[in-house]
Amino acid sequence: MDSVQHIDSAKVNEGAKKDIELHNQRDKSIEEGQRLLILTDEQPWKPWQRSRSWVKECLVRVRCVMGSLMGMEWYCFAALGVLTAFLSFLMDLSVAKLLRAHQWLYSQLEGHCLLQFLCWTLYPVSLSALSTSFSQSICPFSAGSGVPEVRTILSGVDMPHYLSLTNLFAKYVGLICTLAAGSTVFLGKVGPFVHLSTMVGAYLNRLCTVLRGEKEERTEGAMLVVAAAVGVASCFGAPISGVLFSVEVMCSHFALKDYCPCFFASACGALTFHLLSMWSGEQETLQALFQTSFSDDLPFYPLEIPVFAVLGLLCGAGSCAYLFCHRWILLFIKTNKILIKVLSTEKALYSAMVVFLLASVTFPLSAGQYMASKLTIKQLLSSLLDSRQWTSQSHNASVALQPNLFPWSEWIPSGNPYLTLGFFLFMKMWMLVLACTLPLPAGYFMPVFIYGAAIGRLVGEGLAYVSLNGVYLDQDRNPINPGGYALAGAAAFSGAVTHTLSPALLALELTGQSTHAVPILLATLVANVLARSGQRPSFYDALSISKKLPHLPSLLKVCPRLSSVPIGKVLGPGGPVLERAAGPTEVQQVLNTCSQTQIPVVDTLGSRILLGSINRSDLQTFLCHNHNKGLKKQLVDMCSIQPVSVQLSPDTTVQEAHGVLSMLCGESLFVTERGRLSGVVTWPEMKRMMEVLADDL
């Protein structure tokens, strides 16, 4: 019996061991499945589990190695520059092919005037209508420059629709069609590309936070500031002026910590853009985008300095006239009932009608021959920056026999460049103002830059004519360089229109010319002084006001009295508040009704004496602790109330509150009067207040 019992107990023990082993194997398989599920972050019924887990593990190891070298955000900055430059190069390549197709078709119809007219007009009309309909149907927010919206986002206002990938796709394709319409429409790509760069930056910012394992940060962080600089750098291969543009135009408060990332990403973008241009055969080496042949021995005479100052005055006066016409037509479109109806229902039709008018005026066999309408945007600027004097070259036989080798010969069809330049300036003024009303993705900086170059070229050609006749200089000395005046005029006029100095540096980086640095800066400064006088809004300020964007610096330009508006006058009703003796029910109700990260805590709801604030995460921990342990403790028993270091008074102006909120990079500020809580200023509340102020204008 004992032996039988011993055998039975051994069998039982052996069976128990087997059960334990099976249980352990089952636990291991469950753990392996859970580990595989965590690594792949996919549902278990999806295929390629092992492959995805292996790739995931490899990516984790690569991330650890890369993170040991430098922070992950620096890789995102570099990726931002490279991706934006690639998009810019791909856009230029596509636009160049479409423009060559238009020129080839027009040349094949030579001798048929009517067919050439139809080719010249219907080609840009079709592309503009396609750009409008495509962008508006995919994403209505893709029309226009995008710079005013980005400025508003960088000021702290949340506008997520303007940073979506849908908007990125719609704006990119629409901008290609707009640029392919050529100099007929006379629009550029700088502004929209800044917007495109910020959309790429917003996506990379989310990717960076995921790679670092952090919670998603506010999109208007360092990445968007860097992206604004990269947008300019990737368009022209000009990193320094791109950073200065981001400082001047995009940010009301530029943090010094963003300075180095801006230069790093802009340098990556500019270098990538130049390398792609070189590998495609457009450039032989890494060089400036617009090559010039200015003399280094004596680029300008000392007596020409006052002439550059006069050129700045002319550009400043011209910019005032242009901005006045621009503001007038924006107001006319907002108030005219017919245009309001057309732009609300038939945007593509409006674009087609306006572009047909512009194309008809620029037809080369009519008035277009006096505006160099056959030249593209790039050829227009290159020809205006030519250092040769057109007056002395107008009778050159080689120019007449081979006009393709001398693009600037389009400016002297009758041998008189003054007539062509004057007619160009007169016609392009109203044509550019009219083109700004088109509801399609378009930039307005490059046309303004070329317009200023035409002003400078006209002054330079006039001075060269005077010097050739012995009034100004001896014949043995170096001749006047009209291209230098064109470069100074381009920087001065575009700087006056945008109220910035970055175009002066952009002109130097575009051409690689440092010889004219002093006169270019002088002309730009003089033009800015004249354009800024009288608190006139800049081009981007006028767009922000017309669109009623909650951008406080723009609102202050048109109505300076808003700087004295107290915040208590426009502050809305206070949000949810917790008292120090609040329980789980009150905390749960507050968490369900608001999304603030900091909740104000008062002594009692009757007195509203502000004690401090509590983070949202602490309130969630408070609820979990009470629920798990079945307790009903009060808020003050378990949570530490953080004191409020910065408080606002109801007499604080909206401008001061906006500045404090921007500089502290916070999400909320508390307004108190004699210690009593009057309200909470958050970014959504600040947006609402600025919209109220904009509606009152």
Side-chain angles (χ1 to χ4, degrees), residues 248-249 294 299-328 381 384-385 389 417-430 432-433 444-467 471-473 480-508 511 513 515-542 557:
E248 287 187 302
V249 178
F294 295 173
F300 58 90
Y301 295 96
L303 291 178
E304 293 183 67
I305 294 295
V307 183
F308 281 103
V310 173
L311 175 60
L313 289 175
L314 291 176
C315 291
S319 68
C320 292
Y322 171 73
L323 291 175
F324 173 79
C325 296
H326 179 248
R327 292 194 298 270
W328 177 84
L381 185 56
L384 289 170
L385 297 179
Q389 299 176 9
Y418 311 108
L419 175 63
T420 308
L421 287 170
F423 188 70
F424 176 86
L425 292 173
F426 173 75
M427 297 296 290
K428 287 297 182 180
M429 172 65 79
W430 67 266
L432 180 56
V433 170
Y444 313 112
F445 178 82
M446 201 60 182
V448 169
F449 196 81
I450 294 174
Y451 191 90
I455 296 177
R457 186 77 198 194
L458 183 59
V459 174
E461 287 290 339
L463 188 62
Y465 177 79
V466 172
S467 66
V471 177
Y472 180 63
L473 296 171
I480 298 295
N481 178 12
Y485 286 90
L487 191 60
F493 188 79
S494 56
V497 168
T498 57
H499 290 188
T500 58
L501 297 178
S502 54
L505 186 57
L506 177 63
L508 300 179
T511 58
Q513 289 290 341
T515 57
H516 283 70
V518 173
I520 288 174
L521 183 59
L522 174 63
T524 308
L525 285 171
V526 172
N528 264 272
V529 169
L530 185 58
R532 291 169 183 257
S533 61
Q535 289 291 328
R536 297 186 183 93
S538 68
F539 181 85
Y540 297 124
D541 291 331
K557 286 287 184 68

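Just so it is clear, the values below take in all heavy atoms, side chains as well, and ignore hydrogens, waters and symmetry mates.
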Undergrad: Between the main-chain N or O of Leu384 and the side-chain N or O of Arg457, is there a donor-acceptor pair closer than 3.5 Å?
TA: yes
Undergrad: If we only count heavy atoms from C-beta on, is the Leu323 to Arg536 side-chain gap below 4.5 Å?
TA: no
Undergrad: Considering non-hydrogen atoms only, spot the tightest contact between Ala317 and Leu530 and give its length.
TA: N-CD2, 3.3 Å
Undergrad: Are Leu432 and Val448 packed together at the side-chain level, in the sense that at least one heavy-atom pair is separated by less than 4.5 angstrom?
TA: yes
Undergrad: Taking the side chain from Asp541 and the backbone from Ser538, do they hold a donor-acceptor pair closer than 3.5 Å?
TA: yes
Undergrad: To the nearest 0.5 Å, how far apart are CG in Leu501 and CG in Leu521?
TA: 7.0 Å
Undergrad: Phe493 vs Tyr322 aromatic rings, parallel, tilted or perpendicular, using cut-offs 30° and 60°?
TA: tilted
Undergrad: Should Val310 and Val459 be marked as a side-chain contact (heavy atoms from CB on, under 4.5 Å) after you check the CA-CA gap, both sets of side-chain angles, and the distance that decides it?
TA: CA-CA 10 Å; Val310 173; Val459 174; over 6 Å; no
Undergrad: Of all the heavy-atom pairs spanning Gly316 and Ala496, show the shortest one and how long it is.
TA: CA-CB, 4.4 Å
Undergrad: Which heavy atom of Thr500 sits nearest a heavy atom of Thr498, and at what distance?
TA: OG1-OG1, 2.7 Å
Undergrad: Using side-chain contact (heavy atoms from CB on, under 4.5 Å), reason through Phe445 and Leu506 one step at a time and then give a plain yes or no.
TA: CA-CA 12 Å; Phe445 178 82; Leu506 177 63; 3.4 Å; yes
Undergrad: Quick check on side chain to side chain contact (heavy atoms under 4.5 Å, CB included): which of Leu458, Ile480, Asn481 does Leu463 satisfy it with?
TA: Ile480
Undergrad: So, Glu461 side chain and Pro482 main chain: donor-acceptor pair closer than 3.5 Å or not?
TA: no
Undergrad: Looking only at heavy atoms, which two atoms of Leu381 and Met446 are closest? And how far apart?
TA: CD2-CE, 3.3 Å
Undergrad: Quick check: closest heavy atoms across Val497 and Ser319, and the distance to 0.1 Å?
TA: CG2-CB, 3.8 Å
Undergrad: Please name the pair of heavy atoms, one in Gly312 and one in Val526, separated by the smallest distance, quoted to 0.1 Å.
TA: C-CG1, 3.9 Å
Undergrad: Taking the side chain from Arg532 and the backbone from His499, do they hold a donor-acceptor pair closer than 3.5 Å?
TA: yes
Undergrad: Answer yes or no: are there more than 12 heavy-atom neighbours, outside Phe423 itself, under 6.0 Å from its atom CZ?
TA: yes
Undergrad: Taking atom types as modelled and ignoring hydrogens, do the side chains of Glu304 and Tyr485 form a donor-acceptor contact shorter than 3.5 angstrom?
TA: yes
Undergrad: Roughly how far, to the nearest 0.5 Å, is CG of Leu487 from CG of Leu508?
TA: 6.5 Å
